[in-house]
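Just so we're on the same page: letters track the sequence lines, and every chain starts at 1. Keep in mind that this is a model prediction, so the values were computed, not measured.
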There are 2 protein chains.
Amino acid sequence: MAPRSPAEQQSVTGRLTATLQRAIVSGKLRPGEALPSERALAEQHEVNRSTVREALRRLEALGLITVRQGGATRVAEALLSTSLAALPELVASGGRLGLKVQEDLHELRGLLLGFCAERAAHLADPASVARLEQLAAQLAQPGLTPTAAQALDFEFFEQLVRVTGNQLLLLFTQLVKDVYFRAPKRFLGLYGERFSAEHHARAVAAIRARDAQSAGEALRAYAASALSPPHRKAH
Amino acid sequence: MAPRSPAEQQSVTGRLTATLQRAIVSGKLRPGEALPSERALAEQHEVNRSTVREALRRLEALGLITVRQGGATRVAEALLSTSLAALPELVASGGRLGLKVQEDLHELRGLLLGFCAERAAHLADPASVARLEQLAAQLAQPGLTPTAAQALDFEFFEQLVRVTGNQLLLLFTQLVKDVYFRAPKRFLGLYGERFSAEHHARAVAAIRARDAQSAGEALRAYAASALSPPHRKAH
DNA sequence: GGGCCATGGCTGGTCCGACCAGTTAGCAGG
DNA sequence: CCTGCTAACTGGTCGGACCAGCCATGGCCC
């Protein structure tokens, strides 16, 4: 849908949207706080009010602001309202909320990976299994760069989700991918020295053997191991 | 965020947005098909082009259309792009895709209910457990109307999610709620004669006893039982 | 005749300035 | 002090103009 980082900034509206979004997501503008009026924003950023309005319309659709005729436009009380579209930016910003959400995302990813593996063990056709095996084999190659490993890992996850046929999970996959690609450096560490494709291989073998339980466990273990690095907070 | 059915239709932009959204989601306009030009839409609907543009901006943010300067504005190839915001409308429309997504949503709901129950068994404080018990007790009352039962069920789910502390799950809860409230009649059947709060009670008891496995199983069983009604397709 | 490319007429993007419609805060009167 | 009106905000809609990118058409060159 809406173009991301580079493309988004080619249009006047896109630039303004990005600027305001950063201000909100980074906390420069706090939840509940009122934005300047449309006319003021237009003057400050030297654009037309129509342009400001289009940018605000996007932020509104992202659930980042609430607009009321007559009253001031305010930063939404609960960022993360109904839309997940703003999530990549939120995590990339690295704020408190961003980090928390990043952890939550990892948690869900682990759960869903396990689920997908179980379903795949029941549903996978030979062609899909072969594709998964191929990806797992590529992941096991020595000397893989972190970037390449990450790409393969994502493709593995996506293929697994496709097997389940669940459209919403596919959407979730896309979301995770967006988050990661938005702040790649933050996550590449996971694919460094200590990365191992062992779990993937175990999972695929279990899927081929139609052993749902083992498949699920393998990928849950993988997700758990990937969670250990830097971001770890006390409970 | 954006006002729903009644409120959304009070502004000119809101009415137009709703009209176009219905046309897209219902399949009147097919994926990939080009919309009329902004100028044509403005004339057809007897509104200003600016108004049309604001409506299109919303649909774009929902991921329902793709806009390219110079080229035509088209219905997105893959409805369900990155945004879940259009989902309630999609399910309410009752099209093929809507029904499929409805099933997928149920599937995920079951998975997540079970997960939440397990987490809750580990994390729940006494106050939260008490609140869950209260809700379960209310659900067990005889003579509950389907509407009331549904409301309580949702509150139960939401409370459970809150205990886990996962922000994204909270978002998911909200999404499920939106979908249900958008087409209530479609789902109220689940809370009719055969509805039983037995699973809820079992889950709460297990949570109190810190028995994660039983808690998870209870709610997974509940979700599975709720899945049986009308919408059931061959694989 | 076939292929290349200039161009005109479409598309959306931005700007301007005006007026309508709610909200709110402050002032006047009770 | 409280009430109620009003004026000065806020966002919402309008219209019309021009800029910028895409694309199909048609003429030119090979």
Report the residues that fulfil salt bridge (charged side-chain N to carboxylate O under 4.0 Å, His left out) with [X], sequence neighbours left out, ordered by chain and then residue number.
| X | answer |
| --- | --- |
| Arg162(B) | Glu158(B) |
| Glu43(A) | none |
| Glu133(B) | Arg208(B) |

Set of residues satisfying side chain to side chain donor-acceptor pair (under 3.5 Å) with respect to [X], sequence neighbours excluded:
| X | result |
| --- | --- |
| Ser128(B) | Asp125(B) |
| Arg74(A) | none |
| Gln159(B) | none |

Between the protein and nucleotides 4-8 of chain D, list the N/O to N/O atom pairs that are separated by less than 3.5 angstrom.
none

Side chain to side chain contact (heavy atoms under 4.5 Å, CB included) with Glu46(A): which residues, sequence neighbours excluded? none
Quick one: list whatever passes side chain to side chain contact (heavy atoms under 4.5 Å, CB included) with Gln69(B), sequence neighbours left out. none
What protein N or O atoms touch nucleotides 12-15 of chain C N or O atoms at under 3.5 angstrom, if any, and at what distances?
{"residue": "dG12(C)", "atom": "OP1", "partner": "Thr73(B)", "partner atom": "OG1", "Å": "3.3"}
{"residue": "dG12(C)", "atom": "OP2", "partner": "Glu38(B)", "partner atom": "N", "Å": "3.0"}
{"residue": "dG12(C)", "atom": "N7", "partner": "Arg39(B)", "partner atom": "NH1", "Å": "3.1"}
{"residue": "dG12(C)", "atom": "O6", "partner": "Arg39(B)", "partner atom": "NH2", "Å": "3.2"}
{"residue": "dG12(C)", "atom": "N2", "partner": "Gln69(B)", "partner atom": "OE1", "Å": "3.1"}
{"residue": "dG13(C)", "atom": "OP2", "partner": "Arg53(B)", "partner atom": "NH1", "Å": "3.1"}
{"residue": "dG13(C)", "atom": "OP2", "partner": "Arg53(B)", "partner atom": "NH2", "Å": "3.4"}
{"residue": "dG13(C)", "atom": "OP2", "partner": "Arg57(B)", "partner atom": "NH2", "Å": "3.3"}
{"residue": "dG13(C)", "atom": "N7", "partner": "Arg49(B)", "partner atom": "NH2", "Å": "2.8"}
{"residue": "dG13(C)", "atom": "O6", "partner": "Arg49(B)", "partner atom": "NH1", "Å": "3.2"}
{"residue": "dT14(C)", "atom": "OP1", "partner": "Val12(A)", "partner atom": "N", "Å": "2.8"}
{"residue": "dT14(C)", "atom": "OP1", "partner": "Thr13(A)", "partner atom": "N", "Å": "3.2"}
{"residue": "dT14(C)", "atom": "OP2", "partner": "Thr13(A)", "partner atom": "OG1", "Å": "2.5"}
{"residue": "dC15(C)", "atom": "OP2", "partner": "Asn48(A)", "partner atom": "N", "Å": "3.2"}
{"residue": "dC15(C)", "atom": "OP2", "partner": "Thr51(A)", "partner atom": "OG1", "Å": "2.5"}

Give a yes or no answer on whether the side chain of Glu33(B) reaches the backbone of Arg30(B) with a donor-acceptor pair at less than 3.5 Å. yes
Under 3.5 Å, which protein N or O atoms sit close to an N or O of nucleotides 4-6 of chain C? Give each pair with its distance.
none

From CA spacing to verdict: side-chain contact (heavy atoms from CB on, under 4.5 Å), Leu111(A), Leu112(B): CA-CA 9 Å; Leu111(A) 174 68; Leu112(B) 295 175; 3.4 Å; yes
Quick test of your reading of the model: are Asp104(B) and Lys100(B) salt-bridged, counting only N-O distances below 4.0 Å? yes
Between Glu60(B) and Arg57(B), is there a salt bridge with N-O shorter than 4.0 Å? yes
Bend across the helix from dG1(C)-dC30(D) to dG30(C)-dC1(D), to 10°, with axes taken over 5 pairs at each end? 10°
